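Computation of the quantities below employed the complete heavy-atom set of this structure, encompassing side-chain atoms and omitting hydrogens, waters and symmetry-equivalent molecules. Because the structure is predicted, anything quoted here is derived from the model rather than measured. A, B, ... follow the sequence lines: proteins, then strands. Residue 1 opens every chain.
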Amino acid sequence: MNPQELVQAGIQQAERAGADQAEAFFLEHSSLTIEVRGGRLETLRQSKECGIGLRVLKGGSLGYAFTSDLSSRALADAAREAVANAGYVAPDPARTLPLPATTDPSRAQHDPVISDVPISAKIDLALAIERAAFAEDKRVTKSERAAYEEVEYRVAIGNSHGLQVSYRGNFCGGYAWVVAEADGDAETGSGLAYTTRFGELDPEAIGREAAREAVRLLGAKPISTQKLALVLPPQTASQLLGILAPALTAEAVQKKRSLFAGRLGEQVASDVVTIVDDGTLPGGINTSPVDGEGVPTQRTVLVSAGVLEAFLHNSYTAAKEGTRSTGNGMRSSFKGAPEVGPTNMFFVPGQVRPEDLLAGVDKGLYVCDLLGTHTANPISGDFSLGATGILIEKGRFTRPVRGVVIAGNVVGLLKEVQAVASDLRFYLGFGSPTLLVQPLTVSGE
Amino acid sequence: MLLTRSDVEVILGEALAGGGDLAEIFVERRRTNTISLEGERIEKVNSGLDQGAGIRLLAGESSIYVFTNDLSLAGLKTAAQTAAAALAEGKAGRRLIRLGSADDAPPPPVRKGDMRDKVAIVAAAEKEARAAGDAIRQVMVSYGDNEQEILVANTNGRVATDRRYRTTLVINVVAGDGSNVQTGYESLGGTQGLELLSVDKVRELGARAARRALLLLRARPAPAGRMAVVMAGEAGGTMIHEACGHGLEADIVGKEMSVYAGKLGQRVASELVTVIDDPTLPGKYGSYSCDDEGTPAQKTVLIENGILKTYMYDLEWARRQGKSSTGNGRRQSFHFPPIPRMSNTYLAPGDVHPEEIIARTERGLLVKRMGGGQVNPTTGDFVFEVAEGYLIERGKITVPVRGATLSGNGPQALMAVDLVGNDLGFAIGTCGKDGQGVPVSDAQPTIRIPELVVGGLL
């Protein structure tokens with residue numbers, strides 16, 4: 001059976017097992033990862049898997065089951081399990097399946113070149129990343145890993161309302177982690193880029209970036225506790241969005257787990273901060289015609305000039321508030337129902353060039369790396385992160401720093417953003433330009 | 001068996017047809033059940049079946065991994081041929097593979113129960129947590145079980161099967177007082193069924209999570225600076241796992257990314273420190289009878305009285321370094337190749353009573369619960385958050401503090417350990433490495449590190 005037929009069979013089986021309404025979600029996911037080290041192929045991983053998830057409604061309760069065994073017997077078992085599971089779940093009138101809507105198939109991000117290029121050329125590409133890192137600076141002594149990676153997916157979604165949509169997409173990327181050594185000190189650096197267009201992948205740029213990042217930290221030492229302005233380049237600033245994103249979902253708000261709950265219309269960030277989620281962004285890694293339950297994607301302004309404007313919704317959170325889904329019903333696998341999550345989320349860039357922004361800093365820390373961002377408390381927004389960076393004095397880099405801790409609250413930090421540069425860059429689904437944050441206490445020795 | 005012996009032999013023969021040193025097939029069938037409760041309601045009940053196979057080919061220092069969930073003989077042969085083609089050495093020709101015999105002991109029986117029993121456990125935990133006080137705003141409970149059947153075979157003739165049944169219960173509590181919002185977390189897990197989750201234990205777990213959230217509401221912001229840190233046994237061994245264990249994994253060592261590289265036989269920790277990895281502990285969350293390459297599980301002493309004894313090996317890194325596998329080759333699922341991983345890792349108990357350790361500390365931070373953390377294995381630098389901490393002043397526990405983090409250097413901290421308690425507390429977790437999560441547990445007695453950097457709320 002093709003994906004569309006499987007989806008229809010899944011819906012029929014679930015209805016036969018007693019579901020009032022049913023949805024079937026089919027995902028086929030293929031990937032290729034090539035890792036090289038020391039000029040040789042180290043690992044090659046290739047995968048292809050598919051599966052189907054069934055979401056059913058019975059008596060207002062939702063049940064779920066999935067299988068990667070696509071035989072009709074396994075599909076029937078899953079349908080029965082989904083209906084039985086619904087029997088244990090509390091009924092909820094907001095549990096609905098979306099109605100069919102007009103979609104724009106051109107939003108599918110599919111570049112046939114990605115799958116057409118032979119594997120040998122992709123191995124060469126990974127090798128070129130590593131070579132570029134070593135060529136950039138003599139102090140680069142080791143390569144932990146340089147890699148080429150690609151992902152391809154095919155999605156089919158259908159439900160009892162007659163919604164029926166399918167699309168496919170892919171993206172590719174590369175990364176490098178290298179070690180630089182000098183005078184007994186060793187530092188790591190990484191370079192990384194992902195794109196939906198094979199032709200845009202620049203292996204030399206990735207290798208050079210990894211080398212520069214490692215070298216610039218050589219000789220890093222702790223500093224005393226002091227107040228410093230923070231300059232967060234795209235790589236570290238985009239990590240802040242990883243902490244913020246859950247709090248910007250209606251799911252977190254409704255579950256009283258968001259620090260933004262009840263604050264729509266309020267100033268939650270300084271007026272230079274605008275945050276957007278855009279599932280239609282041309283070339284975005286997470287751009288697609290529809291979300292994980294078949295609702296068309298859109299551009300949503302979450303924070304506009306510092307004012308909280310909106311939250312992200314899927315069909316369920318929208319139904320609870322009598323509003324429309326923003327097309328953020330995300331699902332990364334067939335093994336679960338859609339949650340609410342960001343697509344391509346980013347800080348909207350400003351006008352100033354990052355080097356000009358830096359030149360105006362009297363005493364600051366250029367933050368190269370943040371350790372432990374996943375430990376930040378998504379509910380309170382409190383964080384305490386280890387950091388490495390470069391000290392800025394009178395607008396210039398003076399010396400590398402390690403072993404410092406930056407602690408605070410992510411909303412507090414947003415209010416202290418003084419300037420936003422023009423250099424927007426994406427790291428998979430999160431993007432940011434360089435941000436300048438007003439002086440705060442950096443704890444060191 | 002998930003596949004017949006002759007099918008396995010045919011598939012391994014195909015995989016090695018293009019050359020290579022070792023071919024392996026890992027077949028897995030996993031049934032899972034999850035329940036989540038939130039907002040005083042059972043929100044989700046999910047059941048699933050996931051099956052697939054991964055074929056691995058090792059050649060020199062290269063490794064190829066292809067996986068599929070098409071378990072038909074034709075599908076697996078295609079996957080094997082894909083792997084052989086990726087190696088593209090274009091020689092060898094088909095090889096005849098003969099498997100040895102599998103002598104796997106049947107796993108101990110577990111009480112599986114039905115969905116109704118599991119839902120009742122979740123509800124009991126929630127009720128107890130909610131009853132802890134008016135300031136409790138949210139209680140989230142999640143239950144999960146999975147039964148994993150595996151078959152692994154390789155061209156050395158090794159063939160093994162294992163059946164692992166794991167159960168977990170996780171409780172998150174949010175407490176609030178005006179705009180002050182704090183959370184408490186507890187979890188329990190093991191290679192056991194519902195016998196792990198007695199009503200008493202489940203209630204106790206719910207109450208503990210709630211107490212922690214309430215405690216943090218009245219906690220003071222943690223001080224910042226250098227001070228003595230006492231880590232209670234009940235904090236679990238997160239620090240040992242993160243700040244020491246990862247650096248003892250043979251792949252990290254072999255890539256010269258570990259501070260412990262080249263230090264076998266040398267003093268790497270205080271002589272009070274003995275670190276052990278042991279997947280044979282019965283019922284623990286990181287336990288197994290054979291690893292995911294079919295190597296029998298074994299207890300491995302990594303550091304003995306401060307001296308580095310061995311690293312943790314899987315087959316590939318053992319082969320590269322001329323060692324034997326220590327039975328630490330693990331993978332999240334058939335989607336991933338095995339890599340050296342910890343199982344149940346612990347710092348062995350000493351002989352000092354935990355209360356004495358506190359009494360002998362003039363000023364410091366007592367850590368009763370660790371949060372998440374991150375480590376740079378190359379330098380050994382770490383940062384951990386403290387989920388439950390107290391000030392120690394003049395040898396006594398005084399006030400609870402929140403928002404503390406510990407940062408320091410793993411090897412330096414282990415070298416500095418100056419008191420080791422006679423208790424041992426376990427914590428469970430899902431350890432992430434190279435994008436793979438595997439179930440682990442870690443443990444430690446109460447220990448004192450004379451000085452660490454504590455980052456507080458500013």
For A:L218 and A:P400, the nearest pair of non-hydrogen atoms, with its separation, is O-CG, 3.2 Å
Region of B:R31 in contact with chain A, defined by heavy-atom distances below 4.5 Å: side chain
Between B:I35 and B:M115, does a side chain to side chain contact (heavy atoms under 4.5 Å, CB included) hold up when you go through it step by step? CA-CA 9 Å; B:I35 301 169; B:M115 197 65 89; 4.0 Å; yes
Select one option (side chain, backbone, both, neither) describing which atoms of B:E256 are under 4.5 Å from chain A's heavy atoms. both
Proximal component of B:V119, with respect to chain A [non-hydrogen, under 4.5 Å]: side chain
Among the options A:G63, A:A78, A:A86, A:C50, pick out the one with the most heavy-atom pairs lying under 4.5 Å from chain B. A:C50
Closest heavy-atom pair, B:F382 versus B:A243, reported as atoms and distance to 0.1 Å, is CD2-CB, 3.7 Å
Can you confirm whether B:M140 sits close enough to B:Y185 that some side-chain heavy atom of one is under 4.5 Å from a side-chain heavy atom of the other? no
Go through it in stages, so that I can follow the logic: the residues are B:L406 and B:V453, the test is side chain to side chain contact (heavy atoms under 4.5 Å, CB included), and I'd like the CA-CA distance, side-chain angles, deciding distance and then a yes or no. CA-CA 6 Å; B:L406 305 178; B:V453 174; over 6 Å; no
Does any backbone or side-chain atom of A:K142 lie under 4.5 Å from a heavy atom of chain B? Answer side chain, backbone, both or neither. side chain
Mind ranking A:G386, A:G53, A:S47, A:A65 by heavy-atom pairs under 4.5 Å with chain B and telling me who comes out on top? A:S47
Could you look at B:V45 and say if it's the side chain, the backbone, both or neither that has a heavy atom under 4.5 Å from chain A? both
Against chain A, label B:D251 side chain, backbone, both or neither, depending on which of its atoms sit under 4.5 Å from a heavy atom there. neither
Chain A: which of B:V383, B:L58, B:N409 shares the most heavy-atom pairs with it under 4.5 Å? B:V383
Max heavy-atom pair count under 4.5 Å with chain B, selected residue of A:R55, A:E42, A:R45, A:R95: A:E42
Around A:K255, counting heavy atoms of other residues, nucleotides and ligands shown, do more than 12 lie under 6.0 Å from its NZ? yes
Part of B:M257 within contact of chain A (heavy atom distance under 4.5 Å): side chain
Applying a strict 4.5 Å limit to non-hydrogen atoms, the region of B:R226 in contact with chain A is side chain
Can you say whether A:R145 sits under 4.5 Å from chain B via the side chain, the backbone, both, or neither, judging by heavy atoms? side chain
Would you mind checking which part of B:E61 comes under 4.5 Å of any heavy atom in chain A, side chain (CB onward), backbone (N, CA, C, O), both or neither? both
Apply the test side chain to side chain contact (heavy atoms under 4.5 Å, CB included) to residues B:M239 and B:L452: give CA-CA distance (whole Å), side-chain angles for both, the deciding distance (0.1 Å), then the verdict. CA-CA 13 Å; B:M239 210 239 356; B:L452 278 183; 5.7 Å; no
Listed partners of B:R212 passing salt bridge (Lys or Arg N to Asp or Glu O under 4.0 Å), at least two apart: B:E186, B:E388
Is B:S179 in contact with chain A via its backbone, its side chain, both, or neither, using a 4.5 Å heavy-atom distance? neither
Going by the rule side-chain hydrogen bond (donor to acceptor under 3.5 Å, both in side chains), which residues pair with B:S47 if we only count those two or more places apart in sequence or in a different chain? A:N85, B:N33
Could you tell me which of B:T34, B:V181, B:T68 has the largest number of non-hydrogen atom pairs under 4.5 Å with chain A? B:T68
If you count heavy-atom pairs under 4.5 Å between each of A:D92, A:T33, A:L385 and chain B, which one has the most? A:D92
For a side chain to side chain donor-acceptor pair (under 3.5 Å) check, start with the C-alpha distance between B:S36 and B:E43, then their side-chain angles and the critical distance, and finish with the verdict. CA-CA 6 Å; B:S36 62; B:E43 281 240 310; 5.8 Å; no
